[in-house]
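Computed from heavy atoms alone, side chains included, the values below leave out hydrogens, waters and symmetry copies.
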Amino acid sequence: MTCIDHRTPSFSISRRIARIFETPFARRQRQLAERIASLRALTDEELARLGLRRDEILAHVFRAR
């Protein structure tokens with residue numbers, strides 16, 4: 001028996017529509033937020049391999065612009 005999640009397609013459609021009307025500023029803000037979230041999701045060991053500490057994430061992301 002197959003289970004289909006109907007919420008996923010509507011979510012991606014609404015995301016695509018929102019991105020059509022996204023301003024360059026909003027796009028940059030979203031990209032920065034995604035980068036911060038991805039770094040915060042890493043373990044301390046993974047951050048150390050990148051040469052970062054958890055308290056340096058924001059400075060690293062905004063300095064890398």
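Note that OG1 of T23 is 13.0 Å distant from CZ of R28, once rounded to the nearest 0.5 Å. We find the CG-CD distance between L39 and E46 to be 10.5 Å, quoted to the nearest 0.5 Å. The NE2 atom of H60 sits 11.0 Å away from atom CG of L58, with the distance rounded to the nearest 0.5 Å. Here the CD atom belonging to E22 is positioned 14.5 Å from the CZ atom belonging to R16, to the nearest 0.5 angstrom.
Under the 4.5 Å side-chain criterion, counting only non-hydrogen atoms from C-beta, L52 is not in contact with L42. Side-chain contact between L32 and R35 is absent, with no heavy atoms from C-beta onward closer than 4.5 Å.
Tracing side-chain contacts under 4.5 Å through hydrophobic residues (I, L, V, M, F, W, Y), one never reaches F62 starting from F25; they form parts of separate clusters.
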- Message: Would I57 and L47 count as a side chain to side chain contact (heavy atoms under 4.5 Å, CB included) here? Give the steps.
- Response: CA-CA 9 Å; I57 291 174; L47 286 172; 4.1 Å; yes
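In this structure, R27 has no side-chain hydrogen bond (donor to acceptor under 3.5 Å, both in side chains) partners at least two apart in sequence or on a different chain.
Here the side chain of R54 pairs a donor or acceptor atom with the backbone of R40 at under 3.5 angstrom.
The pair R49-E45 fails the salt-bridge criterion, with no side-chain N (NZ, NE, NH1 or NH2) lying under 4.0 Å from an Asp/Glu carboxylate O.
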